[in-house]
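Encoded as structure tokens, the structure appears first; notes follow it.
Just so it is clear: chains get the letters A, B, ... in the order the sequence lines come, proteins before strands, and each one is counted from 1.
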Protein chains: 2
Amino acid sequence: MLKITRKVEYALIALRHMQQASEHSVSSTTEIATQYGIPQHLLAKILQQMARDNLIQALKGPAGGYKIKADLDKISLKDFFEKLEGPLGLMDCYFNTDCLQMKSCNILTPLQRINQNMRDMFSKTTLMEITQ
Amino acid sequence: MLKITRKVEYALIALRHMQQASEHSVSSTTEIATQYGIPQHLLAKILQQMARDNLIQALKGPAGGYKIKADLDKISLKDFFEKLEGPLGLMDCYFNTDCLQMKSCNILTPLQRINQNMRDMFSKTTLMEITQ
DNA sequence: ACTATATACGACTATTTTAATCGTATATAA
DNA sequence: TTATATACGATTAAAATAGTCGTATATAGT
């Protein structure tokens, strides 16, 4: 429990890789997948999603690939996680209000406080802090 | 991702229930399961584990049940989570050193810092803050 | 124009983790 | 003795995560 997914891991690895590549060069899926031992097709899907989210820019064709588009200093880890994996919460009822136990639940309020702490923590960290 | 398990949820609900019951009374599995809509057998296993961990005390036989044994003020949420679910880390490689990508991983160090932040956060919160 | 190499993307399958169930044994108050 | 409770291992079910496959499209280089 309380783990990040491989999807997020792979996305971070790729971002850091691009961040460290020279300014105007692009990194291809194959290059990144090979270097870090990531399943190529899986990484491809993740990079495509990041491109849709405008985190990175895609360049098609031979000698194509991706490069960083967004300002990583302005994107929090919380926003990044939510872009890739959806709402961030310790429990589903933070967003989803259809828990049948809602009425009788006796730990909702205290857990929401903890939850907010976690969200704050990830809000205060920028992507740049991971990738630089 | 980054969710607590139902097991932990149920454990917290049960603890809070016992905490709010009168000092010398015991709460049975059936009573708690019924009140909060928790599968009885599942809750039973969880309470048994908490009893083994000396968080609560079991009383067998008719009119039996459980009551709080530990000092909830002295137990951090981190320790509680680890008792129930094992090592607490954003990624497995925090404890488990058999990740094949370890050598090439370019985000290990920054992620470990984030991980430590999370552990610190749960270390600073006591069980009492959830159950009182 | 052709070809090789790259991204784009939906559908599918496999694996792992989490959640829940079942059966049986043991303790004990009434 | 009986009813009600905990104890616990084995098994199954469900959900979330991880990975694969096939096909389409774009484009640089020749």
From B:Leu108 atom CG to B:Cys99 atom SG, the distance as rounded to the nearest 0.5 Å: 8.5 Å
So, taking the atom named CD1 in B:Ile38 and the one named CD1 in B:Ile13, what distance separates them when rounded to the nearest 0.5 Å? 4.5 Å
When the distance from CZ of B:Phe81 to P of C:dT18 is rounded to whole Å, what number comes out? 14 Å
For B:Arg6 and C:dT17, give me the distance from atom CZ to atom P, rounded to whole Å. 18 Å
Would you mind reading off the distance between B:Lys7 atom NZ and C:dT18 atom P, rounded to a whole angstrom? 10 Å
Whole angstrom is fine here: how far is it from OH in B:Tyr66 over to C1' in C:dA27? 12 Å
Spacing of B:Tyr10 atom OH relative to C:dT21 atom C1', expressed in whole Å: 13 Å
If you find the nucleotide of DNA chain D closest to A:Leu42 and the one closest to A:Pro62, which residue's nucleotide is nearer the 5' end? A:Leu42
Any side-chain N or O of A:Arg52 below 4.0 angstrom from OP1/OP2 of C:dC9? yes
Between A:His41 and A:Leu2, whichever has its closest DNA chain C nucleotide further toward 5' is A:His41
Gap separating the CG atom of B:Asn106 from the CD1 atom of A:Ile32, nearest 0.5 angstrom: 9.5 Å
Atom-to-atom span, CG of B:Leu84 to P of C:dA19 - whole angstrom: 12 Å
Rounded to the Å, how far apart are A:Gln40 CD and C:dT5 P? 13 Å
Going from CG on B:Asp71 to CG on B:Leu55, what distance comes out if it is rounded to the nearest 0.5 angstrom? 11.5 Å
Please compare B:Thr5 and A:Leu59 by the position of their nearest nucleotide in DNA chain C and report the one closer to 5'. A:Leu59
Please check this pair: side chain of B:Gln101 against backbone of A:Gly37, looking for a donor-acceptor N/O pair closer than 3.5 Å. yes
I'd like a table of donor-acceptor pairs (distance under 3.5 Å, sequence neighbours excluded) in which one partner is a side-chain atom from residues 79-91 of chain B, with atom names and distances.
from	atom 1	to	atom 2	distance (Å)
B:Asp79	OD2	B:Ser76	OG	3.4
B:Glu82	OE2	B:Leu88	N	2.7
B:Glu82	OE2	B:Arg119	NH1	3.1
B:Glu85	OE2	B:Thr5	OG1	2.5

Whole-Å distance, B:Gln57 CD to C:dA27 C1', equals 14 Å
How many angstroms lie between CD in B:Gln19 and CD in B:Gln132, if you round to the nearest 0.5 Å? 8.0 Å
Could you tell me the boundaries of the chain B footprint on DNA chain D, defined by atoms under 4.0 Å from its heavy atoms? D:dA3 to D:dT17
